[in-house]
Amino acid sequence: MVILISNDDGIQSEGLIALEESFRSIGEIYTVAPDRAQSSMSHALTLHRPLRVHEIAPRKMAVDGTPVDCVKLALTGLLPVRPDLVVSGINKGPNLGDDIIYSGTVSAAIEGALLGLPAIAVSLVTFKDFDFRAAAEFATHLVSQIQQRGIPPKTLLNVNVPPLAKEALKGWRMTRMGKRHYSENIIERVDPRGAKYYWIGGDDLGFAQEDGTDCIAVHEGYVSVTPLQVDLTDYKLLQNNTLPNFSWP
């Protein structure tokens with residue numbers, strides 16, 4: 001199996017290195033990742049300037065662009081072979097519920113799916129005291145199962161692993177997207193020249209208590225695996241046809 005690894009925390013991230021080390025036992029690894037942290041870049045694509053690629057080791061390249069840039073470059077000519085699978089991560093921090101919309105980690109996996117490959121995004125649900133061993137081992141086992149049984153093209157799985165030792169995890173669950181709550185704070189300040197500037201941010205206020213969601217699974221000590229799709233069509237609204245009905249022009 002040929003596996004493309006990318007992320008949004010940068011080519012030197014410990015989470016990415018943990019995946020590389022773990023995946024070497026199951027396949028041939030190519031790594032194409034940003035040369036620096038690119039968190040919360042969502043599906044941004046660099047169109048206004050050229051991209052630079054630096055080979056820092058055999059089959060390991062750094063790109064001065066976004067996570068999506070990295071996967072697009074890799075799959076449209078940068079690599080000498082076409083991978084069987086795209087894996088993005090291991091992210092430092094959760095990608096649960098609404099986080100998915102903003103996540104560069106998930107978007108790198110989405111780009112793989114858009115280009116016809118099965119893809120996985122992996123995140124460790126903590127912002128401190130990172131121990132990637134359990135997350136890397138689960139990801140490797142998941143990929144091994146995919147290798148043995150197969151998985152449809154364009155399949156996209158979003159994996160979130162609680163920050164627990166392997167022995168403390170209760171198992172894993174197939175889940176749906178939950179709903180996280182943030183305080184929508186905009187901090188306004190003034191620079192030394194008197195011009196205003198702003199910080200976008202917000203405190204984590206928890207999540208909706210809904211059974212079957214990624215948030216609940218992780219909170220209860222399970223690895224969450226959420227199948228995602230790129231098609232954003234609201235089929236329920238399309239079928240119910242509750243929008244205003246009028247003729248025009």
(message) Distance alone, cut at 3.5 Å: any donor-acceptor contact between the side chains of Thr175 and Thr213?
(response) no

Are [X] and [Y] close enough that some pair of their side-chain heavy atoms sits under 4.5 Å apart?
| X | Y | result |
| --- | --- | --- |
| Pro67 | Pro34 | yes |
| Phe127 | Pro94 | yes |
| Asp9 | Asn91 | yes |
| Ile90 | Leu16 | no |
| Phe138 | Val225 | yes |
| Leu124 | Lys92 | no |
| Thr155 | Pro227 | no |

Hydrophobic cluster identity match, [X] and [Y], side-chain contacts under 4.5 Å:
| X | Y | result |
| --- | --- | --- |
| Ile5 | Ile146 | yes |
| Ile120 | Leu114 | no |
| Leu115 | Leu228 | no |
| Val159 | Leu117 | no |
| Leu156 | Ile3 | no |

(request) Pick out which of Asn95, Thr66, Thr105 makes a side chain to side chain donor-acceptor pair (under 3.5 Å) with Asp8. (result)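 Testing Asp8 for a side chain to side chain donor-acceptor pair (under 3.5 Å) against Asn95, Thr66, Thr105 leaves exactly one candidate, Thr105.
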
Count the heavy atoms of every other residue, nucleotide or ligand shown that sit under 6.0 Å from [atom1] of [X], and state whether that count exceeds 12.
| X | atom1 | result |
| --- | --- | --- |
| His43 | NE2 | yes |
| Lys60 | NZ | yes |
| Asn245 | CG | no |
| Asp211 | CG | no |

(request) Apply the side chain to side chain contact (heavy atoms under 4.5 Å, CB included) test between Val71 and each candidate in Leu75, Val68, Asp69; give the one that qualifies. (result) Leu75

(message) Less than 4.0 angstrom from a charged side-chain N to a carboxylate O is my criterion; do Asp64 and Arg49 meet it?
(response)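 Arg49 and Asp64: salt-bridged.
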
(request) Please determine if Arg133 and Asp131 form a salt bridge, counting it only when a charged side-chain N lies under 4.0 Å from a carboxylate O. (result)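 A salt bridge links Arg133 with Asp131.
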
[X] side, atom [atom1]; [Y] side, atom [atom2] - distance, nearest 0.5 Å:
| X | Y | atom1 | atom2 | value |
| --- | --- | --- | --- | --- |
| Asp234 | Gln239 | CG | CD | 9.5 Å |
| Ile216 | Tyr222 | CD1 | OH | 12.0 Å |
| Arg24 | Thr140 | CZ | OG1 | 11.5 Å |
| Phe132 | Thr126 | CZ | OG1 | 9.0 Å |
| Asn158 | Asp214 | CG | CG | 7.0 Å |
| Asp35 | Met61 | CG | CE | 14.0 Å |

Closest heavy-atom pair and its distance - [X], [Y]:
| X | Y | value |
| --- | --- | --- |
| Asn7 | Gly89 | CB-O, 3.8 Å |
| Ala134 | Leu164 | CB-O, 3.8 Å |
| Leu85 | Ala119 | CD1-N, 4.1 Å |
| Ala74 | Val32 | CB-CG2, 3.9 Å |
| Glu111 | Lys72 | OE2-NZ, 2.9 Å |
| Cys70 | Ser6 | CB-OG, 3.7 Å |

(message) Set out, in order, the CA-CA distance, both residues' side-chain angles and the distance that settles side chain to side chain contact (heavy atoms under 4.5 Å, CB included) for Leu157 and Ile151, then state yes or no.
(response) CA-CA 11 Å; Leu157 302 176; Ile151 188 172; 4.3 Å; yes

(request) Apply side chain to side chain contact (heavy atoms under 4.5 Å, CB included) to the pair Ser107 and Met41, showing each step before the final yes or no. (result) CA-CA 8 Å; Ser107 288; Met41 291 298 290; over 6 Å; no

(request) Validate the cation-pi geometry between Arg59 and Tyr30: distance from NZ or CZ to the six-membered ring centre under 6.0 Å, angle to the ring axis within 45°. (result)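 Yes, Arg59 sits over the ring of Tyr30.
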
(message) Before you tell me yes or no, could you show the steps for Leu19 and Glu21 under side chain to side chain contact (heavy atoms under 4.5 Å, CB included), namely the whole-Å CA-CA distance, both residues' side-chain angles and the distance that decides it to 0.1 Å?
(response) CA-CA 5 Å; Leu19 275 187; Glu21 293 175 350; over 6 Å; no

(request) Look at the side chain of Ser25 and the backbone N and O of Ser22, then say whether any donor-acceptor pair between them is shorter than 3.5 Å. (result)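 Checked: pair present.
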
